[in-house]
Enquirer: 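Let me begin by handing over the structure; questions about it come next.
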Amino acid sequence: MNAPMKLSLGPLLYYWPRRRVLDFYAEVAASDAMDIVHLGETVCSRRHELRLDDWLDLAGALAAAGKEVALSTQALIESESDLKTLRRIVDQENIRVEANDMGAVRLLAEAGRRGWIAGPTLNVFNPATLALLAAEGASRWVAPPEMAGENIAGLRAGLSAPIETEIFAHGRLPLAYSARCFTARHHNLQKDACEFRCLHDSDGIVLRTREGEAFLTLNGIQTQSAKVYNLLADLPEIAGHAEILRVSPQGAHTLEIAALFRAALDARLAPEAAFDACRALMPEAPCNGFWLGRAGLEHVPPGAGASPTPAAAPEPAPEPAPPPAPAPSTAPVLIRLLPAAMRARIAQKLRNARLPAFTVPAPLARLNASLPQFPATLALTAALNLAPHVLLPRAALAPLTDRHLRMRVLDAGFSLDFTLGASGFFRPCRADTPADLTISAALRDFLALALREEDADTLFFGRRLHMEGDTGLGVLVKNTLNAVDWLGIFQSPG
């Protein structure tokens, strides 16, 4: 292996009692395993066991112990109080800042701060975005946990100047954030009267399927994987793709796990042996699928292959030649040709628009269900292909390539089967083969999700959106829809 990488302790994602937090970081200060420590509340501003001044005091103590320290900002800013705390973090100049939303990026840039860290929730998936953040002052970035190793390597190769890279290497995967608190809902409480139930769950609340398989973890407003992401056995393949590995704190054995990473990085223990020793220290089974470009919940042993191997299926219909679609940026360019005042009016109308409540009439749904589904599927794929890359970035959707997706519009009687071809264009596929992912909802809910009037987590936990099959693909689709910025293409300068 190459020279040992640095080891980073990510911010504490769970809500622990004050005394436990202080004792934990005292142990971190005394440990030789960690080079870098991230502090601060990134999940929920209602967690007040430690205030910002307490985090600053901890930062001073850890720095005195020889650790590099960073203050991580909240991922979802919801109130003026949250913004006030964010401004205080930016205003202090003694501790490096990890920005976890674009509001933090803007404040750091306006303050002229340099050397800050682009956090994982900024969702950087291409060199252009990373170059933009670097120009604003970022000197390190944390790759999104769902980003495959080969994509990280490709992104780094596309940069005009190198930037330090950090990879999420151990812990439950942070999959999504919502304005609603699912822990409170689990206890039949309101978010603003949650009784701080998170304090009783040092590793979150595990959700299980009817068959008893661990599925997701609830952590306040954050949804995590149930399985534990673990790249210990993959260290030989990671070498050269990153300078820093991140270990996320868990309810027990965090420092023991960090010590195994350190031993493997220092070549005192073989990565596979370190992984085997680590398994007994984890709260759930391991996974590493995202790193290999597979479904995130998969665990692939070393040497078993770095790319998905789809199940055998009937020979798919030949992919038609791509239609003469506009170049990826054509739609935004055309929009920028509109007068600024007109773009502003369109953006305002989109911002204020609200879908009325409606259901497709049952007779029409029965008629739709009796008709061939190909024309409707063709219309859907044509619309997806015409969508500019700013709305549907093809690089982020690469894991969908040749995967069978089925979209069931429950109240309209449609069942649309399609895939993303290797050429980067969506196309219909055969309905008589098993789907890798089936997404079901009413027409209004699909429209509300696409227009960002509703978020996928709200629909999912409200039982209005259903996903069956490959949950890793489901998370990817959900995150892509949540990231669609319809207003952005009208508000961009031009």
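Here the structure is a predicted model, which means the values were calculated and not measured. Position 1 is the first residue of the sequence; numbering continues from there. The figures that follow rest on heavy atoms only: side chains count, while hydrogens, waters and symmetry mates do not.
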Enquirer: Step through the shown structure and confirm whether more than 12 heavy atoms of other residues, nucleotides or ligands are within 6.0 Å of CD on Glu78.
Expert: yes
Enquirer: Between His241 and Ile167, which heavy-atom pair has the shortest distance, and what is it?
Expert: O-CD1, 4.3 Å
Enquirer: Is there a side-chain contact between Leu133 and Trp116 in this structure, where contact means two heavy atoms from C-beta onward sitting under 4.5 Å apart?
Expert: yes
Enquirer: I'd like to check Asn126 versus Thr129 (side-chain heavy atoms, cut-off strictly below 4.5 Å). Are they in contact?
Expert: yes
Enquirer: Any chance the side chains of His170 and Ser248 put a donor and an acceptor closer than 3.5 Å?
Expert: no
Enquirer: From Tyr229 OH over to Asn288 CG, what is the distance, rounded to the nearest 0.5 angstrom?
Expert: 7.0 Å
Enquirer: State the CG-OG distance between Asp411 and Ser440, to the nearest 0.5 angstrom.
Expert: 11.5 Å
Enquirer: Side-chain contact test, heavy atoms from C-beta onward, threshold under 4.5 Å: evaluate it for Glu284 versus Arg172 and give yes or no.
Expert: yes
Enquirer: With a 4.5 Å heavy-atom cut-off, do Met282 and Asn230 have their side chains touching?
Expert: yes
Enquirer: If only side-chain N and O atoms count, and only distance matters, is there a donor-acceptor pair under 3.5 Å linking Gln224 with Tyr14?
Expert: yes
Enquirer: If you define the side chain from C-beta out and look only at heavy atoms, does anything of Ile244 sit under 4.5 Å from Arg140?
Expert: yes
Enquirer: Looking at CZ of Arg197 and SG of Cys181, how far apart are the two atoms once the value is rounded to the nearest 0.5 Å?
Expert: 11.0 Å
Enquirer: Within the structure provided, determine whether Glu146 and Leu173 are in side-chain contact (heavy-atom separation under 4.5 Å).
Expert: no
Enquirer: Once rounded to the nearest 0.5 Å, what's the spacing between atom CD1 of Ile221 and atom SG of Cys194?
Expert: 11.5 Å
Enquirer: For a side-chain contact (heavy atoms from CB on, under 4.5 Å) check, start with the C-alpha distance between Leu420 and Asp402, then their side-chain angles and the critical distance, and finish with the verdict.
Expert: CA-CA 6 Å; Leu420 178 64; Asp402 294 331; over 6 Å; no
Enquirer: Using the rule given for side-chain contact (heavy atoms from CB on, under 4.5 Å), can you reason through Met5 versus Glu243, listing the C-alpha separation, both sets of side-chain angles and the distance that settles it, and then say yes or no?
Expert: CA-CA 5 Å; Met5 290 175 277; Glu243 290 73 41; 5.5 Å; no
Enquirer: Under 3.5 Å, is there a donor-acceptor pair between the Arg156 and Thr165 side chains?
Expert: yes
Enquirer: Atom CG in Leu159, atom CD1 in Ile163: separation rounded to 0.5 Å?
Expert: 7.5 Å
Enquirer: By salt bridge (Lys or Arg N to Asp or Glu O under 4.0 Å), which residues pair with Arg46, not counting sequence neighbours?
Expert: none
Enquirer: Checking side-chain hydrogen bond (donor to acceptor under 3.5 Å, both in side chains) for the pair Thr85/Gln74: CA distance, chi angles, key distance, verdict?
Expert: CA-CA 9 Å; Thr85 300; Gln74 198 170 311; over 6 Å; no
Enquirer: Considering residues at least two apart in sequence or located in another chain, which fulfil the ring pair (Phe, Tyr, Trp, His ring centres under 6.0 Å) criterion with Phe275?
Expert: His299
Enquirer: Is Glu164 atom CD crowded by more than 12 heavy atoms from other residues, nucleotides or ligands, each under 6.0 Å away?
Expert: yes
Enquirer: Taking salt bridge (Lys or Arg N to Asp or Glu O under 4.0 Å) as the definition, give me every residue that meets it alongside Arg180, ordered by chain and number, with sequence neighbours left out.
Expert: none
Enquirer: Could you tell me whether Arg114 and Glu136 have a side-chain N and a carboxylate O separated by less than 4.0 Å?
Expert: no
Enquirer: Are Asp470 and Arg403 close enough for a salt bridge, meaning some N to O gap below 4.0 Å?
Expert: yes
Enquirer: What's the separation between atom OG1 in Thr42 and atom CD in Glu98, rounded to the nearest 0.5 Å?
Expert: 8.0 Å
Enquirer: Should Met147 and Phe125 be marked as a side-chain contact (heavy atoms from CB on, under 4.5 Å) after you check the CA-CA gap, both sets of side-chain angles, and the distance that decides it?
Expert: CA-CA 8 Å; Met147 194 171 186; Phe125 284 99; 4.2 Å; yes
Enquirer: Can you name the nearest heavy-atom pair linking Thr377 to Pro428, along with the distance?
Expert: CG2-CB, 3.8 Å
Enquirer: Is any side-chain heavy atom of Asp201 less than 4.5 Å from a side-chain heavy atom of Tyr15?
Expert: no
Enquirer: Testing the basics here: between Leu245 and Ala169, what is the closest heavy-atom pair and its distance to 0.1 Å?
Expert: CB-CB, 4.0 Å
Enquirer: Between His38 and Arg246, does any side-chain donor sit less than 3.5 Å from a side-chain acceptor?
Expert: yes
Enquirer: So that I can tick it off, tell me whether Arg87 and Glu80 are bridged by a salt bridge, with the cut-off set at under 4.0 angstrom between side-chain N and carboxylate O.
Expert: yes
Enquirer: Within the structure provided, determine whether Thr121 and Asp101 are in side-chain contact (heavy-atom separation under 4.5 Å).
Expert: no
